[in-house]
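Counting starts at 1 for both ligands and their atoms, in listed order.
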Amino acid sequence: MKIKSVILYIFLLFAFVFKINGETIIPITTNDISLIYKVDEKTGRLYQSYLGQKLSYDSDIALLPLGKEAYLTHGMEDYFEPAIRVLHNDGNPSLLLKYVSHENKQPQSGIHETIILLKDEVYPVEVKLHFITYPKENIIKEYAEISHREKKPIVLYNYASSLLHLNAEKYFLTDFSGEWAKEVCMNETPLTYGKRIVDSKLGSRANMICSPFFMLSVNEKAQENTGEILLGTLGWTGNFRFIFEVDNLNGLRIISGINPYASEYTLKPNEVFRTPEFIFTYSAEGKGKASRDMQRWARKYQLKDGEKSRMTLLNNWEATHFAFDENKLVDIMDEAVKLGVDMFLLDDGWFANKYPRKNDRQGLGDWDETVTKLPNGIGKLVKEATNKGLKFGLWIEPEMVNPKSELYEKHKDWVIHLPNRDEYYYRNQMVLDLSNLEVQDYVFGVVDNLMTKYPGIAYFKWDCNSPITNIYSPYLKNQQSHLYIEYVRGLYAVLDRVKAKYPNLPMMLCAGGGGRTDYEALKYFTEFWPSDNTDPIARIFIQWGYSHFFPAKSMAAHVTSWNKQASIKFRTDVASMCKLGFDIRVHDMNEADLAYCKEAVINFNRLSPVILDGEQYRLVSPYEGNKDHAAVMYTNENADKAVLFAYDINPVFKYNYFPTPVRLQGLKKDARYKLEEINLYKGTESKFKYHNKVLTGEFLMQVGVPAFSADPTIPTSSRVIEITEIK
Ligand code: DGJ
């Protein structure tokens, strides 16, 4: 075993480091991607020679032009945005990095790492660029470690995780921006000379407006199955910034990292500043392949419990808001049993006594059950749920405080707020100062105390409804520009403790909807809440947007009363494309709807290995054409089982309307598949042309099926088709 590892190590060393004609070449590769660095022999500086589809021949690589400087510094001869800008303690603001060495490692089977060491020859500052590659999934992670041995601290003004160069005729950027209840709207724009910045300064609920991910398509607009495209995302649960700069030679520079806004960082001698990871993939087969690579990688390596199953649930937020008591909750648990879901999730409104949490204006921070609402506490609810065969989940928002709370009265010094200024509130609340170790203990204690008292709690929904307002830390005193960074580090320190003590505790990441959706946070969370908007039509767009980066199993989707014009079937079918849940009063449903939902839960459980763990194919985009249809399918690993979801979403009646057949993907050409429409109301017959018919993969992928209803009398309708190989 040991000998094997040594041989592998030697192989890796030669496979990833080579010199041709004395030139040092450092290829960072996956099965389909090459990112190639070269060292300029004359100057000793590091250049990025290539990024794109895999280059297979060393003889070609040797002849690649040098390219552009890799991790550009401020103060030298480049005219554009630098990756790093420092101020030495003698007042010199420049940095000149030269290649020193590089090494290759295999941190884990199937994962490779290359570390390139760069140093300034005049000032003792060094930068280590780390590249971690997942060859099979075609994912590259990049981050930097910055340190120095000057006598006094230096100041970091810019500290990017990554600087990538592309060289093409045209570039198209898709960002995913929006607002509360309007998350991840996809906007594609061409990039021309100059800079485009996508960033956030919101601190805690960091991506309420802009998301920390983007798509960059080369030469033509992003296509699903063709064309070259880079998908990138930053693993940082705080302020981020992407700069896209087209330079004078029409080269594109993509700088990704923490947003350095109001965040100059004083770095002590020998302290290592580690940037967050920039995670990217490059596909030459359109965004569909790029997303599938990213989703597969996330399930396998990044998302908490990415390869484990998920629980269906009934939540009470939309159904009750703050208006509940023990009896009502027990009634709702009975409704969960009727639906056949795995868990009951109690949302906001269960805590605080001096200022009971009867609305969002008070109580946040006081994590004892409100005795008037829950006289027998959470323990009784856990017991009731358990007796009914349900798991019990609980909502918390431990990073926040209402000024009207006992916590605020006792510990104003724990609250981020500006001295000598009026307080400004977002959703009537403020953010606790996670840079303070005592506050970290308190936040960890919210989970720990609940788990100690009620070990039966099986799940947490961890909410975060406010950006950081009144930005000033009573704890950091004269180091205020560290606050945005220390806040996030403090959050990770707390989440590390939670994960270490409760490794099997699933948690949902929520931030007033989708205000926190990054891959560093998702190391600690099994799923996230994409949006408070659960109108199924809006959700088709929202889920579509997120799917470019995140697997279905990481997205919680609930059937609610938003958009009652859409049938329960339509609402349930949309939610069944992700991690299915409900947030609705079952006693308001008629029998047919309840029977429908029960059946849909059974179908979802049966098909969840395909939907939650399979490959996703986006077939018909809701963004394209008349924006009146969408279709998505999932296949399992062997492509012997698949599920197709198809939606008519334009509520405008159309006559003489014949939508084109939907061509499926990801099936085996020569296999024979039986098609069956499922999720039908009891007693209704399928009108799907190929219901219970057998067709080959070839037919399904080349001819396609009339998946949409084309019924002008129904404004919104949905179809779910189960596809099974006949062996
Ligand atoms: C915002 C979340 O997005 C909702 O789902 C709900 O949990 C509320 N907060 C509760 O205050």
Side-chain angles (χ1 to χ4, degrees), residues 178-184 202 204-209 211 237 313-324 329 332 343-352 355-367 369-370 373 392-405 425-432 446-447 450 457 459-467 506-517 521 525-536 538-539 542-543 546 554-562 571 575 578-585:
E179 229 305 1
W180 174 80
K182 203 171 166 262
E183 286 86 349
V184 295
L202 299 172
S204 43
R205 189 175 165 176
N207 46 288
M208 181 168 74
I209 298 168
S211 302
T237 318
L313 60 82
L314 177 64
N315 186 196
N316 71 311
W317 175 247
E318 291 292 332
T320 66
H321 287 110
F322 297 95
F324 59 80
L329 295 180
I332 297 177
M343 179 170 57
F344 167 69
L345 170 61
L346 173 57
D347 215 283
D348 193 356
W350 58 268
F351 49 87
Y355 305 108
R357 181 77 171 165
K358 56 181 183 197
N359 53 42
D360 63 20
R361 291 193 291 280
Q362 62 186 53
L364 206 52
D366 302 343
W367 297 104
E369 299 92 322
T370 308
K373 272 184 180 175
F392 181 85
L394 191 62
W395 179 97
I396 49 175
E397 193 179 2
E399 298 157 71
M400 303 280 159
V401 63
N402 283 127
K404 207 167 167 191
S405 68
Y425 308 132
Y426 189 98
R427 208 200 190 208
N428 312 301
Q429 64 195 58
M430 300 175 82
V431 182
L432 294 176
V446 174
V447 175
L450 283 163
I457 295 175
Y459 183 89
F460 281 106
K461 174 178 177 183
W462 180 304
D463 209 343
C464 162
N465 283 290
S466 176
M507 297 203 290
M508 182 204 289
L509 174 60
C510 175
R516 268 182 175 171
T517 50
F525 292 90
T526 44
E527 58 243 24
F528 66 90
W529 182 235
S531 176
D532 278 347
N533 189 343
T534 45
D535 173 335
R539 268 295 178 128
I542 290 169
Q543 293 169 191
Y546 282 118
S554 67
M555 288 186 241
H558 297 174
V559 179
T560 72
S561 302
W562 284 53
R571 286 179 259 165
C578 294
K579 195 199 89 95
L580 175 65
F582 293 80
D583 193 350
I584 193 165
R585 282 313 302 261

Tell me which residues fall inside the under-4.0 Å heavy-atom shell around ligand 1.
Trp317, Asp347, Asp348, Trp395, Arg427, Lys461, Asp463, Asn465, Cys510, Gly512, Gly513, Trp529, Asp532
With a 3.5 Å cut-off and no angle check, do the side chains of Glu397 and Asn465 form a donor-acceptor pair?
yes
Could you tell me if Asn533 and Asp535 have a donor-acceptor pair between their side chains, going purely by distance under 3.5 Å?
no
Centroid separation under 6.0 Å, is that true for the rings of Trp462 and Trp529?
no
Are Tyr459 and Trp395 an aromatic pair by the rule of ring centers under 6.0 Å?
no
What class does the angle between the rings of Phe392 and Phe344 fall in, given that below 30° is parallel, 30 to 60° is tilted and above 60° is perpendicular?
tilted
Hey, are Arg516 and Glu399 close enough for a salt bridge, meaning a charged N less than 4.0 Å from a carboxylate O?
yes
